[in-house]
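Proteins get letters first, then strands, A, B, ... in listed order; numbering begins at 1 in each.
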Number of protein chains: 2
Amino acid sequence: MPLRRPDILRAARELIDAEGLDEFTARKLATALKAPAGELQWYFGDRQAVLEAIAEDLMAGVGEPPPAGPWDQRLITLAHRLRRALLGLRDGARLFSSTFVTEPNTLLAGRTGMQILIEAGLPPDQAGWTVMAMTHFVVGHVIEEQSPRPELPADLSGEDELIRELAATVTADPARRFEFGLGLLLDGIRRLF
Amino acid sequence: MPLRRPDILRAARELIDAEGLDEFTARKLATALKAPAGELQWYFGDRQAVLEAIAEDLMAGVGEPPPAGPWDQRLITLAHRLRRALLGLRDGARLFSSTFVTEPNTLLAGRTGMQILIEAGLPPDQAGWTVMAMTHFVVGHVIEEQSPRPELPADLSGEDELIRELAATVTADPARRFEFGLGLLLDGIRRLF
DNA sequence: ACCTGAACACCGTTCAAGT
DNA sequence: ACCTGAACACCGTTCAAGT
């Protein structure tokens, strides 16, 4: 019974969720699939190919046209979907950012963002650059959000005021920080019109 | 003659510049330093510790207070310095984003950003969240900017219009895309006042 | 033709043995 | 006390040999 692609990807995601991206190895994946060591390369190509396939899978559904409505609301929906998609897998954002996939799901996500902005009246080049900027913000945010933080020293009373505020910022609810940052970007985008 | 920390870090950066982050191994570093295999762990701790030290080094100077002037210009200066710092090493942004350093250079960069915004009149929590959002954009941008892109199919005439525009966006000058995205964010930040 | 597992050339890290 | 190199438990990938 040959290994089926969905089985391989599911097993890979389980491994990454369980142990993190850095612990994910092709050999562990083969073991989990009760397959010999070299089988992955035979069916799938190298380890990087597996990661790229997972990245593309993560983007499933992100680029479906959001419900009709104001362009800014539709763009916000897209940004939230992208964040959700990346959060759907441990180290998902880091994985995504270490690939450069040009497969349907990934392309559609960018395409849909551009379409929303062009329909709203933006010239295509500005639409593209805007979608890109938003994507960079979301990816950067979720990478940080998913990265394990070293336990901060409990006693910051020796530090200056600003460093304490910085520590408070980092430990604040990431969902609210995301909303805030996305709001800034959206306010800037509105000014393009 | 014991290995000196600056020598270790310089050799590590040379290796990463030459072969990329994924090819960087503690053993190659030891070989480059003409040191035995286990020496790194003895002097420095594990491979991740070397990467964190490099990340902290990359941030040197970023957080120096920018020249006096309008707050938005000072913030832009900070963003440019951060981008430059990350571009200073192959895969620098990916390296930086896979660490969570709480050392002087890195903390100072965040602190200075907050200070600029607080002096401009923003409450500390908004200042922190704003700096964070800007950092996420910059890091996300440079990760993409530094990532090797697969050669796109030369002939996109079969693709639809939007996909062609998307391809044009990705291949556009990254410095100009950066300026554009940073401008969006700044326009949003100005609306906070 | 398709599959596989043994083998190759590596890893990071530890720790007994040396100085 | 400080250093080191041999050894351990892994890697990703290839490719001869099998079916």
**Report entry** Smallest separation among heavy atoms of B:Val101 and B:Glu52, with atom names
**Finding:** CG2-O, 3.8 Å
Report task. Please answer: with hydrophobic residues joined when any side-chain heavy atoms are less than 4.5 Å apart, are A:Met132 and B:Leu185 in the same cluster? Result -> no
Query raised in the report: Taking the same atom, C1', in C:dA7 and in D:dC11, what whole-Å distance lies between them?
Result: 14 Å
Query raised in the report: Atom CG of B:Leu15 and atom P of C:dG12: how far apart are they, to the nearest Å?
Result: 11 Å
Query - Pairing residues for B:Arg164 by the salt bridge (charged side-chain N to carboxylate O under 4.0 Å, His left out) criterion, not counting sequence neighbours - result: B:Glu161
Give each protein N/O atom lying under 3.5 Å from an N/O atom of nucleotides 17-19 of chain D, with the pair distance.
none

Query - D:dA7 pairs with, by Watson-Crick or G-U criteria that keep both distances under 3.5 Å - result: C:dT13
**Report entry** Whole angstrom value for the distance that separates P of D:dG12 from CG of A:Leu51
**Finding:** 10 Å
Query - Nearest-angstrom distance, C1' atom, C:dC2 to D:dA16 - result: 14 Å
Requested in this report: Both distances under 3.5 Å, Watson-Crick or G-U wobble: report the partner of D:dG18, or none.
Outcome: C:dC2
Requested in this report: Using whole Å, report how far CG of A:Asp22 lies from C1' of C:dT13.
Outcome: 16 Å
Query raised in the report: Closest approach of B:Ala127 and B:Ile118, non-hydrogen atoms and distance?
Result: CB-CG1, 3.7 Å
Query raised in the report: Is it true that B:Glu23 and B:Arg90 have a side-chain N and a carboxylate O under 4.0 angstrom from each other?
Result: no
**Report entry** Atom of A:Pro124, atom of A:Met114 and distance for their closest heavy-atom approach
**Finding:** O-CE, 3.6 Å
Query raised in the report: Around atom CZ of B:Arg176, are there more than 12 heavy atoms of other residues, nucleotides or ligands at under 6.0 Å?
Result: no
Query raised in the report: Is B:Arg94 paired with B:Asp22 through a side-chain N to carboxylate O contact shorter than 4.0 Å?
Result: yes
Is there any protein nitrogen or oxygen under 3.5 Å from a nitrogen or oxygen in nucleotides 4-11 of chain D, and what are the pairs?
| residue | atom | partner | partner atom | Å |
| --- | --- | --- | --- | --- |
| D:dT4 | OP2 | B:Glu39 | OE1 | 3.0 |

